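To find a chain, count down the sequence lines: A is the first, B the second, and so on, and within it residues start at 1. Note that the structure is predicted; figures quoted are calculated from it, not measured.
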Amino acid sequence: MFKDTIEWITQQIDSSNEFIKKTLEIDKKLSFIYFINSLVDSEMIQKIIIKPFFELPSDDHFEAYLLSLPQQTNFKTNEDILANLLSGCVLIAIKDKFLLVDLKKSHVDQVQPINIEPTILGSQFSLSEDLQTNINIIRNYYQQPNLTVETSTIGKINKQQYALVYDREKIKKDVLKKLKKRLSEIDKQLIQTPAQLINYINNKGKWTSYFPTTLLTERSDRIIYNLAGGKIVVMMEGSPNAIIAPAVFFDFLVTMEDNYHSFWISTFLRSLRYVGLVICILLPGLYVAVSSYSPEVLRVELALTIAGSRVGVPYPPFIEVLFMLFFMELLVEASIRLPKAMSATATTVGGLILGQAATEAALTSNIMIIIISAVAISTFVIPINEMSFAVRTVRLVLIIFSTIFGLAGLVLATIGLIMYLVNLTSFGEPYLRLYNYRRKENEGTL
Amino acid sequence: MLRKLKTLKKYQIILVVLLSLFFLSACSIKEIEKSAFIAEIGIDSSGNSEKPFKVTLKIYNPTSSIKESDSPNYIYISEDGKSITDAIRLLETKVDKRLEFGHLKFIILGEESIEKLQIRDMLDFFSRRPDIQLISWVMIGRPSAEHIVKMVPKSETAAYTSLFNYFDQNANESPFIVSRFLFDFRRKYFDEGVDPVLPIVETEEQEFKIDSALIIGENKNTVALDTNETRIYDILKGNVFKADLIVDTENEYFMIEADKIHVNYQTVEDSDGSITLKVHINAKGIIVESKKHLEIDNLKKYNELAGKHATELTKKFIIKLQESEIDPIGFGVRYQTTKLHNHLMSYEEWMKAYKDADLDIKVTFELKSTGQLG
Amino acid sequence: MSRFYYYLILINMIANIIASVPVILIQYRKNGVILSMILGIIVGLIIVYLITNFFNSYPGKSLPDLLKATMPKWFNIFFTFVLIGVWFFAGLITLITFTILLIHFLAPEMTHLMGTLLIVFFMAFGCFMKADKVLYTVEIIFVLTLPMLLFIFFKAYTNEQMEWDYVKVAITYINTMPRFLPFMSSVFLFLGVLNLVIFNQFFTTKQSIGWKQITFIGILGTVVLFTTYFIPIGFNGFENIESIMYPWVSTSDSMRIRYGFIERVVFVFLLFYLAISCISLLIHWHVVVELLKSIFNFNKLKIKNVKITPFIVIIAFITITAITVILIDELQIYYFTTYYYLHFAISVPSLLIVMWMIKRRLKNAKKT
C-alpha cells in the first residue's frame with residue numbers, strides 16, 4: 001500500500017529534486033518522511049520530527065507523539081495527501097500508517113508598515129501577507145467568543161485561501177447570506193488579490209458598477225472598528241488588504257483619526273474633507289459654466305480678472321479645463337511608478353511646466369492653474385483610494401454637462417449624481433442616507 | 001450572459017437619448033473674453049426731436065494683470081436713438097465684442113434729461129430687462145451724463161470704478177451722499193406718498209464732487225437741495241453713520257459728531273382734518289472741536305444749545321419742502337399706514353393738508369463727553 | 001412625527017413661494033387678500049389634520065391599496081386616473097413656470113423646449129426609484145439648499161432697504177371681502193400633505209398627530225405665506241407692483257450680499273430654487289408613476305426580457321411636456337395655474353369623501 005501511494009504521488013509531482021524522501025532508521029524503528037523542500041521549514045522538521053524520533057524509545061511512542069502534535073492534520077484520500085504536500089505538509093510513513101504534519105514555512109508573514117493610509121496617531125503596522133498571521137492579529141485585538149472565522153478557497157488554478165471574519169451577534173444575517181451567495185457564484189480561474197475579488201462580488205454587471213460598495217483597507221484598527229460595528233471582513237492569502245462589506249458612502253470619508261481626536265477637532269477635520277470633496281467635484285464645472293455662459297454671476301473685479309487672465313488663450317474654457325485635468329491625471333498616474341531617484345524631477349516638471357510655463361506661453365490662464373491645484377490637492381483629501389478614483393471621473397461628467405448647458409446643467413447633473421448615489425445599495429444597505437433613524441442601537445459606527 | 005445583455009441594452013438606449021439632446025442644443029457658449037462688460041451708462045437728451053435719447057457707455061477693457069497696469073482702461077461709445085434700446089442697437093455695431101449689461105452698476109441721468117425726457121420711459125428700460133441689476137446706483141450728472149461717464153479721476157486704480165467707493169459706504173462714509181438703488185428709485189417714483197431723491201454728481205479738478213441732491217416731484221416738479229439740506233435729508237432717512245453739527249450760538253462755538261441718530265417721524269391727524277407732522281430725533285455723540293474751553297459740567301447746557309440749533313435747521317428744511325409741495329421723506333406713506341384704506345384722504349386733499357400742516361419737531365442730544373480735552 | 005412627513009409639506013410650501021402664488025396674491029392686493037390668506041391657513045390646517053389622521057390609522061398602506069380593498073374596480077380606475085391627472089399637472093406647472101424663470105435670467109438663448117426637456121430627462125429616471133430612496137434624495141437636497149434659502153429670507157427681513165411702511169399700507173386693506181382665488185392659492189400651500197396618498201407606504205410605524213404638530217405646521221404656513229406676500233411688497237412698493245411679472249425675482253435682485261463671493265442674490269436664489277423645484281417635481285411624478293403602477297402591471301410588456309414599460313412612460317412624459325411647452329406661452333400658463341388652483345375646491349372635498357367611505361367600509365369589514 002505504501003509503495004502504490006508513493007509511486008502515484010511521485011508520478012504526480014514529477015520533479016525529483018524538490019520532492020525529498022528521507023529514511024529515519026535506528027535500532028528497531030523505521031520511518032520514512034516525504035516532503036517538498038521549498039515549502040517546508042527544515043529547522044522545524046529537524047526539531048519536531050527527526051530529533052524526537054531518535055530520542056523516543058519505540059515506534060509506538062513515536063506514533064503516539066506524532067498524533068499528539070498540534071500540526072498534525074487528517075486526510076481521507078490520496079488527492080488530499082497530494083494537496084497537503086503541495087501546501088507544505090510532511091508525509092510520515094510509520095508502521096503501516098501515513099501521517100501528515102503541517103510544517104509550512106511562510107516567508108511573508110512579517111507585519112508591514114502602513115503605506116496607503118497613513119495616520120499620525122493610529123497604529124503604524126498593517127496586516128501581513130499571510131492569512132494565518134492576519135487572523136492572529138485580528139483575534140488578538142478583538143477577543144470575543146462571537147468572532148467567527150470561516151476559511152475557504154477560491155480560484156480554480158491558484159486555490160487562494162480566504163477567510164470570512166465577522167461577529168455573529170452583530171451582523172445582519174441577510175447581508176451575510178448575500179455575500180456568501182455571491183462568493184459561491186464566482187467561477188474564475190485566477191483570483192489573486194481582494195481587489196480582484198471585489199469586481200466579482202459587486203452589485204451589478206461590469207458596466208454599471210462605478211462607485212465602490214466595499215471598502216479595501218490594510219489598517220487593523222479600521223478592521224476592528226468595522227467588526228465591532230457589525231460588518232463582514234474578507235481577508236485573503238497573499239495580500240495585506242482586507243475587504244469590508246457592506247460599505248456606505250460616508251464610510252469612505254472617514255479616517256481612524258476621527259476617533260482619536262477630540263470632538264470639535266474631528267468635526268472640523270471631517271467638514272474639511274467634505275468641503276474638499278465638494279470643491280473637487282464642482283470647481284472645474286463651475287469655472288467652465290461661469291466663464292462660458294454666465295459671467296455676470298461673479299463680482300465685477302473677479303469677472304475682469306478672469307477675462308484679463310484669459311487674454312491670448314486660443315481656445316474656449318472647457319478645452320482649457322480638460323487639457324489641464326488631463327495633464328494632472330497623467331502626472332498623478334506617472335508618479336505612482338516613479339523610482340525614488342526621479343521624484344524630484346516629477347515635482348519640477350509638474351510645477352514648472354504646468355504652472356509658470358503654460359501661463360507664460362498663453363496656453364492657459366492664471367486662474368486655471370489655481371483651480372487645478374486646488375482640485376488636485378482636494379482629490380487627495382479623500383482617505384480611501386477607490387472613492388478618490390471614482391470622484392475624479394465623476395468630475396469629468398459634470399464638466400461635460402456644464403459645458404453643454406451652463407450653470408443649470410451643473411446643478412442638474414449634481415442632482416442626478418445624488419439620485420444615482422441614493423439609488424445604489426451595498427449588499428442591501430442604502431448607499432447614501434443622511435441619518436439612520438431606524439437603528440435601534442446607536443453604535444459608534446459612522 | 002442574458003443579464004449582461006439586458007443591462008447593456010438599457011444603457012445603450014439611455015446613451016442614444018442623451019446624445020439626441022445634442023441635436024436640440026442651442027448651446028450658445030459665449031466666451032468671457034468676447035464680452036464687453038459695461039460699467040456705466042449715461043442718458044442725456046440730445047436735443048434732436050427725432051432721436052431724443054443720447055446714450056453713452058463706458059466699457060471695461062480687461063488687462064491681463066491688474067497689478068502691473070497702473071491706470072484703468074476704458075472704452076467710451078455714444079449714440080443717439082429714438083429710444084434707449086434703439087440707441088443700444090446702434091452702439092452694438094461700434095464695438096467688436098458683445099455688450100454685457102450684467103455688470104452695469106451705475107446709471108447716470110443727465111440733468112436736462114430729467115426735464116426734457118420722460119423718466120417713465122427710462123425706468124421702463126432699466127426695469128424690464130432681466131440682465132440689468134436692480135441694485136445699480138442711479139444718479140444725476142451735472143452738467144451732463146456724458147461728462148460724468150467719461151470722467152476718470154486721478155485716484156482710480158485698475159481694479160474697479162472709483163464711484164463704487166462713494167456709494168458703497170464701504171470706503172467713504174460721508175453724510176452728504178445720497179445713495180439710491182434702482183429698485184428704490186422705481187418704487188418711490190411710482191408711489192404717490194413719497195418722492196424720490198437722487199444724488200447729483202459733479203466734477204471738480206479731476207475728482208468727483210457729490211454733495212447735493214435733487215428731489216423729483218410729481219409733474220416734473222424738481223427741487224434741488226444744497227449741501228446742508230442734503231445732509232439733513234440723509235439724517236432724516238437714517239442713512240448716515242456719522243453726522244456733524246456746528247453750534248454757533250450764545251458765545252459758544254463747537255462742533256459735534258453724532259453717531260447714533262434715532263429718528264422717529266409720524267403724521268398725526270387732528271379732529272378737524274388738519275395734519276401735524278411730528279419729527280423727533282434723538283442723537284448721541286461727542287464734541288470734536290471747539291473754539292473755546294469747555295466745561296464738562298456744562299454738558300447739559302451744550303445739549304440744549306445743540307438741540308435748539310438742530311431743531312431750527314430741521315424746521316427750515318421741512319418748511320422748504322412744504323412750500324415746494326414735495327415730500328421726499330415719506331410723510332404721505334406714513335399717513336397711509338395710520339388708517340384703513342377707505343377712510344383716507346385723497347391725494348389732492350393730502351397735499352393741501354401737507355402744505356398747511358403744523359410742525360412738531362424736537363431734536364435732543366446726548367453728548368457723551370467733550371473729547372480728550374476739556 | 002417622522003421628519004419625512006414635514007419634508008413633504010415643506011417642499012410644497014417652499015416650491016410655491018416663487019412660482020405663481022405671489023403673482024395671484026398681488027393681483028388681489030386691494031381686493032381681500034389678507035382675509036383670504038387667514039381663511040386659507042385655517043382651512044389648510046383642517047385638511048392637513050383630516051388627511052394625516054386618516055392615513056395614520058392605516059400605517060404602511062397607500063391609497064391605491066385601500067381603494068383596491070374596499071371599492072369596486074371601475075371606481076378605482078376612474079378615481080386613480082383623476083388623481084394621476086391632478087399630480088401630473090402639479091408637476092408640469094411647477095416645471096414650466098420655473099423653466100421660464102430660469103431661462104429668462106440665467107440662459108436667455110436656451111429655448112423653452114430644451115430647458116424643460118433637460119429637467120424632465122433627469123427627473124424622469126428618478127421617478128422610478130422606490131419611495132424611501134426618493135425621500136432620502138429629498139432630504140439630502142433639502143439639507144443642502146435650505147440654509148442658503150433661509151439666509152436669503154433672513155437677509156430680506158433685516159435689509160435696511162426693506163420698507164415696512166409699504167407692508168403696513170398693504171395691511172390697511174384688511175377690511176375688504178375675501179375672494180376665492182387667493183383663498184385657494186393659500187390652501188394650495190398646505191396641500192403637500194396629499195402626497196401621503198403614495199408616500200404612506202414609507203411610514204410603516206404608527207405616527208401621531210396632535211395639537212403640537214398642527215400648531216407647528218400652522219406657524220410654518222403662516223410664516224411662509226407672510227413672506228411670500230409681504231416681502232415683495234416691501235421691496236417693490238405697493239402701487240406699481242402688479243406690473244412686475246415675477247415679484248420674487250425682482251425682490252431677490254434688490255438684495256445685495258456686500259462682502260460675498262456672488263454679489264447679486266438672484267443667481268444664488270435661482271440655482272437653489274432649481275434644486276427645490278426638481279425635488280418637488282420628483283415627488284409629484286413619483287406619485288404619478290406609483291399610481292400608474294397600481295393600475296397597469298409594469299412587468300407585462302417585455303421585449304427580449306427587458307422591461308419596456310418604464311420607457312414608454314418616460315417617453316409619454318417627455319411628449320406631453322414637449323407639446324405643452326410648444327403650445328403655451330406665459331400668459332396661458334398663468335391662466336392654467338389659476339384654473340388648476342381653483343379645481344382643488346372640487347378634488348379635495350371629493351378625496352375627503354372617498355376617504356370617509358373607505359374608513360366606514362373598513363370598519364364594517366372589521367366588525368363582520
Side-chain angles (χ1 to χ4, degrees), chain B residues 2-3 5-10 13-14 17-18 20-21 23-30 102-103 105 123-124 127-136 168-170 180-184 186-194 238-239 330 332-344, chain C residues 30 101 103-111 113-114 117-118 121 125 160-161 163-176 233-241 243-246 249-256 258-259 263-266 303-307 310-311 314-315 318:
Chain B
L2 216 58
R3 201 172 83 155
L5 191 63
K6 176 173 90 174
T7 51
L8 212 72
K9 242 189 149 55
K10 195 170 183 186
I13 298 179
I14 293 182
V17 170
L18 178 58
S20 63
L21 274 182
F23 290 117
L24 287 175
S25 81
C27 60
S28 48
I29 295 189
K30 26 184 198 181
H103 284 296
K105 281 197 88 84
L123 263 183
D124 187 271
S127 327
R128 203 174 277 266
R129 280 183 72 120
D131 52 351
I132 294 190
Q133 307 182 2
L134 282 176
I135 43 173
S136 325
D168 201 1
Q169 290 180 334
N170 224 345
R180 185 62 66 218
F181 288 117
L182 177 63
F183 73 91
D184 197 18
R186 187 185 173 281
R187 72 180 169 189
K188 291 209 162 83
Y189 182 75
F190 285 113
D191 197 291
E192 288 176 333
V194 157
N239 283 339
V333 181
R334 269 299 147 96
Y335 170 67
Q336 281 181 342
T337 67
T338 53
K339 290 206 286 218
L340 290 180
H341 69 105
N342 39 359
H343 301 304
L344 289 174
Chain C
K30 294 191 179 165
L101 268 180
I103 289 180
H104 257 293
F105 288 93
L106 220 48
E109 286 94 354
M110 221 195 253
T111 56
L113 180 63
M114 197 165 104
L117 283 189
L118 181 66
F121 172 73
F125 284 101
E160 51 191 29
Q161 299 284 344
E163 294 271 355
W164 291 96
D165 280 346
Y166 293 122
V167 173
K168 288 187 202 156
V169 171
I171 296 184
T172 62
Y173 281 83
I174 196 169
N175 58 348
T176 45
I233 291 185
F235 271 98
N236 291 309
F238 189 69
E239 292 297 319
N240 206 314
I241 193 174
S243 58
I244 299 184
M245 287 297 295
Y246 309 109
V249 180
S250 303
T251 312
S252 59
D253 202 3
S254 321
M255 292 192 260
R256 219 180 136 215
R258 245 209 276 184
Y259 302 112
E263 212 181 343
R264 287 178 81 182
V265 175
V266 199
I303 296 184
K304 280 198 193 161
N305 219 16
V306 178
K307 277 191 257 182
F311 292 103
I314 294 179
I315 292 177
I318 293 181

Region of C/Phe235 that comes under 4.5 Å of a non-hydrogen atom in chain B = both
Closest heavy-atom pair and its distance - C/Arg264, B/Gly102 = NH1-O, 4.1 Å
query = Which atoms of B/Asp184 come close to chain C, meaning under 4.5 Å heavy atom to heavy atom: side chain ones, backbone ones, both, or neither?
reply = side chain
request  = List in chain and number order the residues that pass side-chain contact (heavy atoms from CB on, under 4.5 Å) with C/Ile315, two or more places apart in sequence or in another chain; answer none if no residue qualifies.
outcome  = C/Thr319
query = Do the side chain of B/Arg187 and the main chain of C/Ile241 share a donor and acceptor less than 3.5 angstrom apart?
reply = no
ask   = Among C/His104, C/Gln161, C/Lys30, which residue forms the greatest number of heavy-atom pairs with chain B at distances under 4.5 Å?
value = C/Gln161
request  = Starting from the C-alpha separation in whole Å, work towards a yes-or-no answer on side-chain contact (heavy atoms from CB on, under 4.5 Å) for B/Gln336 and C/Phe238.
outcome  = CA-CA 11 Å; B/Gln336 281 181 342; C/Phe238 189 69; over 6 Å; no
note = CZ (B/Phe183) and CE (C/Met255) are apart, to the nearest 0.5 Å, by 9.0 Å
message = Looking at every heavy atom in both C/Ser250 and B/Leu134, which two are closest together, and how far apart are they?
response = O-CD1, 3.5 Å
message = With chain C as the partner, which of B/Leu182, B/Asp191, B/Thr338 has the greatest number of non-hydrogen pairs under 4.5 Å?
response = B/Asp191
All side-chain contact (heavy atoms from CB on, under 4.5 Å) counterparts of B/Asp124, not counting sequence neighbours = B/Arg128
request  = Report yes or no: does B/Arg334 contribute a side-chain atom to a donor-acceptor pair with the main-chain N or O of C/Asp165 at less than 3.5 Å?
outcome  = no
message = Using 0.5 Å steps for rounding, measure from the CG atom of C/Asp253 to the CG atom of B/Asp131.
response = 10.0 Å
inquiry  = Is C/Met245 close to chain B through its backbone or its side chain, or both, or neither, when contacts mean heavy atoms under 4.5 Å?
reply    = neither
